[in-house]
Amino acid sequence: VLVASLPFTKLRHLIYTPLNIFFRPERDSNTLETIDNIEEAELLGVGKVSEFTPQQLLSFDACVRCGRCEEVCPVAFSGMPYSPKDFIQSMRTAMQTGLVNSNGNGHGDAEMIGGAIPEETPWYCTTCGACLDRCPVFVNPVDDIIELRRYQVLTTGKMPKSIGDVMRNMERQGNPWGMPPDDRISWAADLQVRQLEPGDEVDVLLYLGCASAYDERNKKVARSVVQILNQAKVDYGVLGLDEMCCGETSRRLGHEYLFQMMVEQNLEIFNSIKFQRIVTNCPHCFNTLKNEYPQFGGDFLVQHFTEYLAEISYEGLPAESNGQQITFHDSCYLGRYNQVYDQPRQLLSKTKLNWIEMNRASENSFCCGGGGGQMWMETDANTRINHRRLTDAVDTGAQVVATACPYCLLMFDDAIRSKGKGDQIEVMDLAELMADQI
């Protein structure tokens with residue numbers, strides 16, 4: 001009797017938790033679920049609790065409410081009205097209420113958004129993955145958040161205006177900045193950069209992404225990457241005007257249909273040339289090309305530029321430090337999602353740069369606030385995640401915070417200017433620091 005009654009008591013997690021661990025998805029947490037045959041799919045995202053998969057419903061009951069996810073969530077830490085624990089508990093309550101009502105008055109499958117949770121809730125998450133790392137029972141709030149976003153974007157069309165603007169930019173111009181496609185290669189105006197054409201063969205396909213192509217600050221990073229590759233005499237080339245957005249922003253913001261269109265177009269371009277590997281300086285492009293393109297047949301060797309540079313040799317290394325004290329910020333999509341922690345630090349040491357760790361570093365790193373589409377969201381000045389992360393960097397006493405992600409660079413730059421810390425600390429990409437040293 002005791003065993004039979006467990007699922008209906010506060011001890012139900014003794015049953016649901018082992019089941020959730022056993023039935024959790026085989027795919028890695030750095031990869032989102034694909035909507036198969038999206039042109040004909042009847043269900044685009046999740047609007048009702050019954051539309052979650054059985055495994056997701058199981059995970060709601062498996063949550064032990066320990067709060068470990070909440071402790072590391074940058075959104076909750078910064079004071080926004082969201083925490084992964086509360087979100088999962090809201091899902092669980094909606095599930096249980098639905099079961100009760102469906103056995104009673106038949107109204108147990110009400111809309112989730114605007115009902116169980118406010119309309120703005122799905123848009124707070126940065127998808128940083130800290131909650132996934134800390135959860136002892138493998139509950140995945142990020143997957144659930146993305147499903148709700150898909151429903152809002154693809155089914156109801158109800159989303160924050162800034163998100164709607166970004167989606168329109170990507171549909172019309174092929175990039176979230178909304179800049180003309182003809183400007184994509186303007187960063188390389190006077191550089192010796194080979195632009196590949198169909199049928200060409202090269203060792204390294206350098207895929208720099210939209211930030212390096214259209215953001216003025218990150219164009220400088222792109223030039224530094226090229227300077228290092230030229231110095232190392234690497235056989236590389238870029239796609240030039242044929243390069244397209246990888247689609248990461250659209251997928252994390254819920255527009256799976258647009259993402260799949262971009263994947264199809266990119267694979268056609270990639271398959272028109274011969275290369276040994278793709279190297280990119282953007283962790284978001286890196287994660288998408290490496291872990292999500294294989295879902296659509298795009299199996300390539302993909303490396304972040306810090307991984308690639310850590311492998312090769314090049315001339316012009318300095319004999320001593322330039323005297324600056326540097327602290328390194330781990331990007332969520334490079335570190336937590338792909339375990340690239342050592343290579344950036346090896347490069348700092350290799351180029352004789354003095355560096356010191358922040359209190360929250362490596363697997364415990366704190367998000368910059370730019371992931372999961374937050375780059376494009378309007379945030380209250382009192383709850384900005386990048387301001388919290390800047391404090392971590394300033395507390396080290398370093399003059400430079402180094403990063404290896406274009407979004408992190410922009411988020412730190414914004415925080416430095418907003419807080420008036422420009423005379424105390426600056427942000428630079430690791431490629432810029434290396435190019436200055438070599």
- Note on the structure: In terms of heavy-atom contacts, Met159 and Val153 come closest through CE-CA, 3.9 Å
- Are side-chain heavy atoms of His387 and Leu390 found at a separation under 4.5 Å? no
- Query: Do the numbers put Arg360 on top of the ring of Phe366, so that NZ or CZ is under 6.0 Å from the six-membered ring centre and no more than 45° off the axis?
  - Reply: yes
- Item | Minimum side-chain heavy-atom gap Arg194-Val238 below 4.5 Å | no
- Is any side-chain heavy atom of Glu147 closer than 4.5 Å to a side-chain heavy atom of Arg150? yes
- Considering only heavy atoms from C-beta outward, does the side chain of Cys285 approach that of Glu248 to under 4.5 Å? no
- Item | Beyond-backbone contact of Asp144 with Ile88, side-chain heavy atoms, under 4.5 angstrom | yes
- Could you tell me whether Asp392 and Arg388 make a salt bridge, using a distance below 4.0 angstrom between a side-chain N and a carboxylate O? no
- Message: Between Tyr236 and Asn230, is the side-chain hydrogen bond (donor to acceptor under 3.5 Å, both in side chains) condition met? List the steps.
- Response: CA-CA 9 Å; Tyr236 74 97; Asn230 288 341; 2.8 Å; yes
- Interatomic distance, CZ@Arg184 vs OG@Ser212, rounded to 0.5 Å, equals 10.0 Å
- Message: Could you check whether Asp330 pairs with Arg345 (Lys NZ or Arg NE/NH1/NH2 to Asp/Glu carboxylate O, under 4.0 Å)?
- Response: yes
- Query: So Asp165 and Lys161, salt bridge (Lys or Arg N to Asp or Glu O under 4.0 Å) or not? Walk me through it.
  - Reply: CA-CA 6 Å; Asp165 292 342; Lys161 181 182 181 301; 2.9 Å; yes
- Task: Would you kindly say whether Gln374 and Trp123 are connected by a side-chain donor-acceptor distance under 3.5 Å?
- Result: no
- Task: Quick one: sort the Phe52 and Phe60 rings into parallel, tilted or perpendicular, breaks at 30° and 60°.
- Result: perpendicular
- Query: If you measure only the distance, is there a donor-acceptor pair under 3.5 Å linking the side chains of Asn291 and Asn338?
  - Reply: yes
- Using a strict 4.0 Å threshold on nitrogen-to-oxygen distance, state whether Arg417 and Asp413 make a salt bridge. yes
- Can any side-chain N or O of Ser78 pair as donor or acceptor with the backbone N or O of Val75 at less than 3.5 Å? no
- Mind running ring pair (Phe, Tyr, Trp, His ring centres under 6.0 Å) on Trp376 and Trp177 for me, showing each step along the way? CA-CA 9 Å; Trp376 318 103; Trp177 268 263; 4.8 Å; yes
- Strictly by modelled atom types, are Thr249 and Tyr407 linked by a side-chain donor-acceptor pair under 3.5 Å? yes
- Query: Does the side chain of Ser331 pick up a donor-acceptor pair with the side chain of Arg336 at under 3.5 Å?
  - Reply: no
- Query: How far apart are the C-alpha atoms of Asn359 and Asp395, what are their side-chain angles, what is the distance that settles it, and do they pass the side-chain hydrogen bond (donor to acceptor under 3.5 Å, both in side chains) test?
  - Reply: CA-CA 9 Å; Asn359 286 333; Asp395 286 347; 5.9 Å; no
- Message: Give me the atom names and distance for the closest heavy-atom approach of Gly240 to Ile185.
- Response: CA-CD1, 3.9 Å
- Message: Tell me whether Arg251 is salt-bridged to Glu292, with the criterion being a basic N under 4.0 Å from an acidic carboxylate O.
- Response: yes
- Message: Testing the 3.5 Å rule here: is there a donor-acceptor pair between the side chains of Gln343 and His304?
- Response: no
- Out of curiosity, Thr351 OG1 to Gln346 CD, how far, rounded to the nearest 0.5 Å? 11.5 Å
- Hey, what do you get for CG (Leu409) to OG1 (Thr403), rounding to the nearest 0.5 Å? 7.0 Å
- Item | Check: Asn218 main-chain N/O paired with Asp215 side-chain donor or acceptor under 3.5 Å | yes
- Note on the structure: Residues Phe259 and Gly247: closest non-hydrogen pair is CD1-O, 3.2 Å
- Message: Quick one: does any side-chain atom of Ser272 pair with a main-chain N or O of Ile269 as donor and acceptor, under 3.5 Å?
- Response: yes
- Message: Assess, by modelled atom type and distance only, whether the side chains of Glu70 and Tyr82 contain a donor and an acceptor separated by less than 3.5 Å.
- Response: no
- Message: Strictly distance-based, threshold 3.5 Å: is any side-chain N or O of Thr327 a donor or acceptor partner for the main-chain N or O of Ile356?
- Response: yes
- How long is the gap from CG on Asn386 to OG on Ser418, to the nearest 0.5 Å? 7.0 Å
- Message: Check Glu51 with Lys48, please: is the shortest side-chain N to carboxylate O separation under 4.0 Å?
- Response: no
- Message: Distance alone, cut at 3.5 Å: any donor-acceptor contact between the side chains of Glu256 and Gln260?
- Response: yes
- Note on the structure: Taken to the nearest 0.5 Å, the spacing of Leu309 CG from Leu347 CG works out to 6.0 Å
- Task: Go through Arg68 and Glu71 one step at a time and tell me if the salt bridge (Lys or Arg N to Asp or Glu O under 4.0 Å) criterion holds.
- Result: CA-CA 5 Å; Arg68 296 181 189 179; Glu71 291 173 357; over 6 Å; no
- Test item: Tyr257 and Glu39 side chains (from C-beta on) under 4.5 Å apart, heavy atoms: yes
- Query: With sequence neighbours excluded, what pairs up with Asn175 under the side chain to side chain donor-acceptor pair (under 3.5 Å) test?
  - Reply: none
- Note on the structure: In this structure, CG of Leu239 is separated from CG of Leu196 (nearest 0.5 Å) by 6.0 Å
- Given the rule in the salt bridge (Lys or Arg N to Asp or Glu O under 4.0 Å) test, do Glu216 and Lys219 qualify, once you have shown the distances and angles that lead to the verdict? CA-CA 5 Å; Glu216 291 300 324; Lys219 286 181 182 180; 3.0 Å; yes
- Message: Pair Phe300, Phe275 - check ring pair (Phe, Tyr, Trp, His ring centres under 6.0 Å), show working.
- Response: CA-CA 9 Å; Phe300 310 107; Phe275 55 87; 5.6 Å; yes
- Message: Under a 3.5 Å cutoff, is there a donor and acceptor pairing between the side chains of Thr127 and Tyr333?
- Response: yes
- Note on the structure: Only residue of Met95, Gln96, Glu111 satisfying side-chain contact (heavy atoms from CB on, under 4.5 Å) with Val49 is Met95
- Item | Atom CD of Glu311 with >12 non-hydrogen neighbours under 6.0 angstrom | yes
- Message: Students often mix this up, so state it plainly: with edges at 30° and 60°, are the rings of Phe270 and Tyr293 parallel, tilted or perpendicular?
- Response: tilted
- Just checking, any donor-acceptor pair under 3.5 angstrom between side chains of Ser59 and Gln56? no
- If you look at every heavy atom in Leu148 and Ile113, which pair is closest and at what distance? O-CD1, 3.7 Å
- Using a 4.5 Å cut-off on heavy atoms from C-beta on, say whether the side chain of Cys367 contacts that of Arg389. no
- So, does Asn30 use its side chain to make a donor-acceptor pair with the main chain of Asn287 at under 3.5 Å? no
- Message: Testing the basics here: between Asp143 and Leu32, what is the closest heavy-atom pair and its distance to 0.1 Å?
- Response: OD1-CD2, 3.7 Å
- Could you check if a side-chain atom of Phe286 sits within less than 4.5 angstrom of a side-chain atom of Leu334, using non-hydrogen atoms only? yes
- Query: Does Leu205 offer a backbone N or O that forms a donor-acceptor pair with the side chain of Arg277 under 3.5 Å?
  - Reply: no
- Query: In chain order, what residues pass the side chain to side chain donor-acceptor pair (under 3.5 Å) check against Gln173, with sequence neighbours excluded?
  - Reply: none
- Ion pair present between Glu432 and Arg217, side-chain N to carboxylate O less than 4.0 angstrom? yes
- Considering all heavy atoms, the nearest Cys125-Ile145 contact: CB-CG2, 4.1 Å
